[in-house]
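Side chains included, hydrogens not; waters and symmetry mates left out as well; all remaining heavy atoms used. Every value quoted in this text rests on a predicted model; they were computed, and no experiment measured them.
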Amino acid sequence: MQHNPGFLKLVDDARQRIGECTAADVMARLEKGVSFHFIDVREDHEYQSDHAAGARHLGKGVIERDIETQIPDKHAPIVLYCGGGYRSALAADALQQMGYSNVLSMEGGIKSWRDAGYPME
């Protein structure tokens, strides 16, 4: 997909303020049994089609509205992902602005997860 320049600038700006991790980093956490919230921020139909094993859904369109109910602890570790790492970067930036201090965006999104052959549901 070709992204528009304004969108890419917005994402690049957000990436200056957030932390990112790789799919391998996330898998290592899962294999070690590290406790964290693994959140898919894609659209409902994308999540329903398939998603990373163990991830729960909280779409980008509602995450700011619902995050405090779903994850009240603002210091809880959270890893967000989307299709390619763009929307999750924007969502991570928004959550940090809301006071969440331990949020990461997974680089490459579900595409990098699939490409690595990691489990899907």
ILVMFWY cluster, Leu80 and Met120 together (side-chain gap under 4.5 Å)
no

Where the side chain of Tyr47 meets the backbone of Ala55, is there a donor-acceptor pair that is under 3.5 Å apart?
yes

Give, for atom OG of Ser101 and atom CG of Leu95, the distance between the pair rounded to the nearest 0.5 Å.
11.0 Å

Worked verdict on Cys82 versus Ile110 for side chain to side chain contact (heavy atoms under 4.5 Å, CB included):
CA-CA 6 Å; Cys82 60; Ile110 195 71; over 6 Å; no

How many angstroms lie between atom CZ of Arg114 and atom CG of Asp50, to the nearest 0.5 angstrom?
4.0 Å

Between Gln70 and Ile63, does the side chain to side chain contact (heavy atoms under 4.5 Å, CB included) criterion hold? Intermediate values first, please.
CA-CA 9 Å; Gln70 298 292 318; Ile63 194 166; over 6 Å; no

Measuring only between side-chain heavy atoms, which start at C-beta, is His51 closer than 4.5 Å to Tyr81?
yes

Hey, are the side chains of His57 and Val41 touching, using non-hydrogen atoms and a 4.5 Å cut-off?
no

Examine the side chains of Ser112 and Asp115 and answer whether a donor and an acceptor come within less than 3.5 Å of each other.
no

Cationic N near anionic O, under 4.0 Å, Arg15 to Asp93:
no

Distance alone, cut at 3.5 Å: any donor-acceptor contact between the side chains of Gln48 and Asp44?
no

Residues sharing Phe7's hydrophobic cluster, by side-chain heavy-atom contacts under 4.5 Å among ILVMFWY, directly or via others?
Leu8, Leu10, Val11, Tyr86, Leu90

Does any part of the side chain of Phe38, heavy atoms only, come nearer than 4.5 Å to the side chain of Arg29, both counted from C-beta?
no

Chi angles and distances behind the side chain to side chain contact (heavy atoms under 4.5 Å, CB included) call for Phe36, Ile78
CA-CA 6 Å; Phe36 67 100; Ile78 302 170; over 6 Å; no

Show your reasoning for whether side chain to side chain donor-acceptor pair (under 3.5 Å) applies to Thr22 and Asp25.
CA-CA 5 Å; Thr22 66; Asp25 295 333; 3.1 Å; yes

Please report the interatomic distance OG(Ser105) to CD1(Ile18), rounded to the nearest 0.5 Å.
4.5 Å

Do Arg87 and Glu43 have side chains that approach each other closer than 4.5 Å (heavy atoms only, starting at C-beta)?
yes

Is there a side-chain contact between Ser88 and Glu20, using heavy atoms and a 4.5 Å cut-off?
no

Give a yes or no on whether the backbone of Gly6 and the side-chain of Asn4 come within a donor-acceptor separation of less than 3.5 Å.
no

Using side-chain heavy atoms (C-beta onward) and a distance below 4.5 Å, is Met98 in contact with Ile67?
yes

Is Ile71 reachable from Leu104 through a run of I, L, V, M, F, W or Y residues, each pair having side-chain heavy atoms under 4.5 Å apart?
no

Is any side-chain heavy atom of Val26 less than 4.5 Å from a side-chain heavy atom of Trp113?
yes

Roughly how far apart are Asp40 CG and Lys60 NZ, rounded to 0.5 Å?
13.5 Å

Indicate whether the side chain of His37 and that of Arg56 have a donor and an acceptor atom separated by less than 3.5 Å.
yes

CZ of Arg65 to CG of Leu58: how many Å apart, nearest 0.5 Å?
9.0 Å

